[in-house]
Amino acid sequence: MHFKSMVVSNIEVSPGYCLIRLTAPRQILDARPGQFVMVRVQDGIDPLLRRPFGIFDVGTFSPEYPESPRQHYLEILYKIVGKGTSILSMLHSRDYVDVLGPLGNGFDEGEPETEKLLVGGGFGLAPLHFFARKHAGTAGIKAFIGGKRKEDVLCVTEFERLGIDTYVATDDGTLGSRGLVTSVLEEQLETGFGSRTVYACGPEPMLRAVAGLCKRHGIGCQVSLEANMACGVGACLGCVTKGRSHSESAPDYRCVCKDGPVFDAAELLWD
Amino acid sequence: MHFKSMVVSNIEVSPGYCLIRLTAPRQILDARPGQFVMVRVQDGIDPLLRRPFGIFDVGTFSPEYPESPRQHYLEILYKIVGKGTSILSMLHSRDYVDVLGPLGNGFDEGEPETEKLLVGGGFGLAPLHFFARKHAGTAGIKAFIGGKRKEDVLCVTEFERLGIDTYVATDDGTLGSRGLVTSVLEEQLETGFGSRTVYACGPEPMLRAVAGLCKRHGIGCQVSLEANMACGVGACLGCVTKGRSHSESAPDYRCVCKDGPVFDAAELLWD
Amino acid sequence: MKKKPDMSVQFAGIQLRNPVMTASGTFGYGKEFAGYMDLEKIGAIVTKGLSLKPKAGNPMPRIVETPGGMLNAIGLQNVGIDAFISEKIPFLRTVNTPVIVNFFGNTLEEYEEVAGKLDALPEVAAVEVNISCPNVKHGGIVFGTDPKAAFSVVKAVRSATIKPVIVKLSPNVTDIVEMAAACADADADALSLINTLTGMAVDLKNRKPYLANCTGGLSGPAIKPIALRMVWQVSRAVQLPIIGIGGITNAIDALEFLLAGATAVQVGTANFMTPDASQRIVEDIEKYLRENGIEDIKELIGALRA
Amino acid sequence: MKKKPDMSVQFAGIQLRNPVMTASGTFGYGKEFAGYMDLEKIGAIVTKGLSLKPKAGNPMPRIVETPGGMLNAIGLQNVGIDAFISEKIPFLRTVNTPVIVNFFGNTLEEYEEVAGKLDALPEVAAVEVNISCPNVKHGGIVFGTDPKAAFSVVKAVRSATIKPVIVKLSPNVTDIVEMAAACADADADALSLINTLTGMAVDLKNRKPYLANCTGGLSGPAIKPIALRMVWQVSRAVQLPIIGIGGITNAIDALEFLLAGATAVQVGTANFMTPDASQRIVEDIEKYLRENGIEDIKELIGALRA
Ligand SMILES: Cc1cc2nc3c(=O)[nH]c(=O)nc-3n(C[C@H](O)[C@H](O)[C@H](O)COP(=O)(O)OP(=O)(O)OC[C@H]3O[C@@H](n4cnc5c(N)ncnc54)[C@H](O)[C@@H]3O)c2cc1C
Ligand SMILES: Cc1cc2nc3c(=O)[nH]c(=O)nc-3n(C[C@H](O)[C@H](O)[C@H](O)COP(=O)(O)OP(=O)(O)OC[C@H]3O[C@@H](n4cnc5c(N)ncnc54)[C@H](O)[C@@H]3O)c2cc1C
Ligand SMILES: Cc1cc2nc3c(=O)[nH]c(=O)nc-3n(C[C@H](O)[C@H](O)[C@H](O)COP(=O)(O)O)c2cc1C
Ligand SMILES: Cc1cc2nc3c(=O)[nH]c(=O)nc-3n(C[C@H](O)[C@H](O)[C@H](O)COP(=O)(O)O)c2cc1C
Ligand code: FES
Ligand code: FES
C-alpha cells in the first residue's frame, strides 16, 4: 500500500526514543510481524529518500471527537539518529506523513508449541513487540532485551504486561544483568530443551553472535536485518546481503527489503 | 543584524497574502521604511537560500503571559508564491525562523512639507505601509493602490485608519476604479501642485510606468526594486540593476540589495 | 471542457502514448512497482542494465543519501540476459507498455552479443546502450568518456540489431556534444542523457568512504541543472531525438526537459521518493497541457526561446 | 578539560590559523560580511575574481535556486585590479587574516599582467588563478578544460609572481587528475577544487532559460559528492596541497574534505545561507577535535582509509 497518514500521537518513550502512531487503511491489520514501512517524513527534497521502520504494532482506535468512525493505525518505535528521525520526532498530531508498506517478509511464526525466544536491542524491539503481541499466551515465549545503558532498554513494561518472561542485560549494568544479552540467551539455550526458535532483531554484531549461538546449539534462528534502502520494493538493488552460497563468481545476493528483512540465519553468509 | 526569531502570529489577511509578526532585538526599531530582511524559513537545504521581504512594520508588544518583558517585533506582509513563502505560511506561533537585516537603504524620507504620493501594488504595499505609519499626519500624504483583483488590494483599511487619502484601482474593477493605478496617479499629478515626491513599490511594469510619469511631470520618484538575491549584503553581485550611465563598455551596475532596494528613479536606466 | 491533449510522441521508430518512461536501474523489471501504480499509464518501461552473464555487483553499502540526491554503487548487478528472458520477459509481456532494455558489456564483443540476443525478442521495443562502463580489455577506460570508444560500441551494437538503438551518455565528460556527435556518426537512433555523475561520500566517524566501492553515481534533483544543460547543448548541435534524464521529480521538471529539447524523459530517483512518480508526472503533464490550452505536447519539444 | 587543539595548517609557504577560508565570489571583498562575523576567526579570505580591467558581467537574472544548490551567471563582474588596490585593499589591510586574491584573464597575457600587479602587493598572501574562463584569443575554449592551455596559463602566472600560486580547477572535465597534473607540471604551489559545474535552469512559464546568460555555474550542497570525489582522486595522484571546495555548509562537511585529502577548505554558497557560516565551521571543527581527543587537525588530512 501507499498512503497519506495522519499523526495521531508522537511521544518520547525513553530518552532519544519515540513511539509514533499513524492512521492507516484497514488492510494494515493484515501486516505480519517483521514487516516494515518506508516513511517520507516531509515533502520536498530534504530528506530525499524514505526511511525504513519496522512495525511496532497495528490496531484500531476510536478518535476522541464524537461520531467519528473507528480508525486503524500503525505504530513505529524509533530512535532519533539523524535528519529523518529528527524531523519525525518534531511532528505533531494532525501532521501528515507518506507511508509505503507493509513491505518485505515477516517472521516465520512457527508452530504454536515451539518455544519462541525473542532477542533484541534498541529499536530492534519494534518488530519483536509486534510478534509478542500476536503470540502472547502461547507456551514458552521469552524475551531477551539488551542495550548499552538503561535508556536503550525498551519495551520491558510492554513485554511484562503481555505476560512474557523478560530478561534484560546492559553493557554497563544499569539495568538487568551486566554484559551482553547473548550471554543471557546462551544460559537459556544451555538449560532449556524441546523445540525452540530464536527471533532476533538488533545491531549487526548482536545478530551475528545470536546466529552463531543458534548454529552451535542447532536451533532455528530468524534474524531481521537492516540495510540502507532506496526503493524498499526490490528494484534498486541497494540493500542486498550475501546469501549462504555467495561467491564472487557465483553471486548469491538477497534483497533485505524484498527477500527479507527477516531471513533464516542459516540462509545467510556470516563472513 | 542576524538573529533567531520567534513567530508571534501569522495570519492570512487576504486570499493568498499573509502577515507574520516576528520577535526581533531592540535595534529593529531603528529600521527605516524601504529596508528589507532576508529570512531563512527552515533549517536544511530546501529551500537553500534566504528569501527577501520588505519590512511592513516594527514595534513593541507585551506578550500575553504575565511578567514577561515587553518584546520588539518586525512584521512582514507576504504573498504565497512558491516554496519559501508556502513554508512560511505554514509556520505556527512559537516556531522559529532566522532573520538577516534590516538590509539596504530605505526611502529618502524627504521634507515634512513635501506632498508624498505612495504608489503600490500587491506586496509592494509592505514598505509603503511602514513609510505611511511613520509619516501619517504630515501634510498631503496620499496612497494609490493597484491590483489585478479585489484580493490583491492590500492595506486599504490600514491606510485609512492612518487618516491617509487612499485611491484604489483594479484591473477588473472589482474594487475602486477600473484600470491601472498609474492612471489614477496621473490624474492626481495633473491636478495637483506644490513640491511632491512619489514613492513606488510594486511589479516592474508599474514602476516603469510610474517612473516615466514622474519624469514627464518633473517630480521626484523613488522606486523600490526586486531582484533575485543570494547574499543580501552586496557580496555576490547576483542582484544588480543598471544605473543611468550603464553601457557594455562602461558598466554601471548597482546592487539592489546594498545600493537599493530603493533608488531615485532618475538614477536608473529604464531601457 | 477542453479536448484531451495529444500526449503521444514518436522517435527512432518508436511510438509512445506519452513521453514519460522510467529510468534504468530505478524501476527493476517493472513488476516491483506493479502494486503501486498502473504500468500502462506511462510511455515506456526501461529495465535494469543487463549483461551477457549475471553480474554480482558491488559489496555493501551501495547507496547513500546526499544533499538533494543519492549516490549508488550497485555495480550493475543483474540477472544476465538468459534469466531476463526466462524470468522477466513473461511478466513484461502481460503489460501493454513498450519495454526498452538497457544493457552494457565489458568488451565490444559483449555489447554486440547482448544486442544480438535482444534483437531476437519481439517484446523489446528498443535497446538502450549504457556506455558508462569500463572497457576491461583496454585498461578500464570508460567507453562513454572517449568519443572513439563510444563510436565503436555504437557501431557494434548497430550492426547486431535492427531495433532502435538509444545510446545513454555519461555526463562525466568535458564535451558532451562531442560524445553525442560520435554516437550520431555511428548511426545511433536516439540519445539518453544523462547517466549519473561520479561522486563520493565520506563516513567521518569511521574515516572511510561511505560506499564500499569508494565512489558512486550521483542522481536525483541535485543533478537536474547539469542534465538540463547537457540536453540543451546536445539538442542544438546534434540531429537526434533526445531522452532527458536527471532529477525529474514532477511534471514541471519533465516539461523543462522537453522545452530544452528532449522528445521524452525518464524518471529515476523520484521512483524511490514516490513509487507512482512516473504516473503522476503523466497525469500532471496532461493537466498542465489542458490548463494552458496546449493541444499537442509536441509543441513544447525544443520550444525554449534562447 | 582537554588542551586547545592545534588548528593551524600550512601549505605552499602560507601559514593559516585554521583551514577554513571563504570561497571567491561568495564573500565579496570581506567587508560585506564584517558586520556579521569576526573576520579574524577564519583562516583566510579569498576575494572576488579580479581582472585587469573592470568587468560588467552578465545581464539579469544572474542567480536562481536549484534543488540543494544554486546557479550563478554573474559573469565575473568585478572592479578591476586598480580599483581593487585603491578601494578594497585599505579595508583588508586592517584585518589580521591572510588575503588570497582570486583572478582571471581573457588571454594568457592578461593572466600574466594581473599576476604581476598582485605580486607587488604586500597585503596579498597568495594568488588563486581561476582557469574556468574562455580564452578569447583561441575560439573561447575554456583554459581549465584543456591540460595544455592550463599548463600555459599556470606557467605564465608562475613567471609573473613569487607569491604562492594556487590554481583553481574546473570540474567540467573528463579527467580532473590530468588537469591537476598539468598544473603541477607548470609549478603550481597548490590546487583549489572545485569551481562550479555548468548547469541550466528553465523558466517554464516564459519558455526561456531562467538565467539571461542561459547557463550558469552550479554550487552548493548538491555538488558536494562530486567535489569530494575530485579532491580524493587528485590527492592520491598529484603531490600538491589541495584546497577542497564545494557544498561545504558545516564542520562535518569540512572534515570530510580534509579526510579525502584537502589541506584546507573554502566555504562558498553557505555564506548566503548563514553569513557567519565560515566562523561557525571553525568553531565546530574545534569542538569536534576536542570531543574526539584529536590534538592536531593535521592528523585528519588525507586520513581516509580507502
Ligand atoms: C528493515 C528496517 C527496519 C528498521 N526499523 C527501525 C525501527 O523500527 N526503528 C528505528 O528507529 N529504526 C529502524 N530502522 C533504522 C532506520 O531506518 C534508521 O535509523 C533511519 O533510516 C535513520 O534515518 P535518519 O535520517 O534519522 O538518519 P541519517 O543517518 O541522517 O540517514 C541517512 C541515510 O542513511 C540511512 N540509514 C541510517 N541509519 C540506518 C539504519 N540503521 N538502517 C538503514 N538505513 C539507515 C537512512 O535511511 C538515510 O538514507 C530500520 C531499518 C531497516 C532497514
Ligand atoms: C527587496 C525585496 C523586497 C521584497 N519584499 C517582499 C514583501 O514584502 N512581501 C512579499 O511577499 N514579497 C517580497 N519580495 C518578493 C519575495 O522575495 C519573493 O516573493 C519570495 O522570495 C518568493 O519565494 P518563494 O520561495 O515563495 O518563491 P519561489 O518562486 O519558489 O522562489 C525561487 C527563488 O526565486 C526568488 N524569487 C522569487 N520571486 C522573487 C521576487 N519577486 N523577488 C526576488 N526574488 C524572487 C526566491 O527568493 C528564490 O530564490 C521582495 C523581494 C525583494 C528583492
Ligand atoms: C540505483 C540506481 C541504479 C541505476 N542503474 C542503472 C543501470 O543499470 N543502467 C543505466 O544506464 N543507468 C542506471 N542508473 C542511472 C539512471 O537510469 C539515471 O540515468 C540516473 O539515475 C539519473 O536520473 P535521476 O536523477 O532521475 O535518478 C541507475 C541509477 C540509480 C539511482
Ligand atoms: C555567486 C558566486 C560567484 C562566484 N564567483 C567566483 C569567482 O569570481 N571566481 C572563482 O574562482 N569562483 C567563483 N565562484 C565559485 C566559488 O568560489 C566556489 O568554487 C563554488 O561556489 C563551489 O563552492 P560552494 O559549493 O561552497 O559554493 C563563485 C560562486 C558563486 C556562487
Ligand atoms: S531498497 Fe531497493 S532493492 Fe531493497
Ligand atoms: S544579493 Fe548578493 S549582491 Fe545583492
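All values derive from a computational prediction rather than experimental measurement. Chain naming here is simple, since letters A, B, ... match the order of the sequence lines and numbering starts at 1 in each.
Within a 6.0 Å sphere centred on NZ of B:K148, heavy atoms belonging to other residues, nucleotides or ligands number 12 at most. Atom OH of B:Y96 has 12 or fewer heavy atoms from other residues, nucleotides or ligands within 6.0 Å.
Among residues two or more places apart in sequence or in another chain, the side-chain hydrogen bond (donor to acceptor under 3.5 Å, both in side chains) test is passed with B:D259 by none.
For residues 39-55 of chain B, heavy-atom neighbours of chain A at less than 4.5 Å comprise B:Q42, B:G44, B:I45, B:D46, sorted by residue number.
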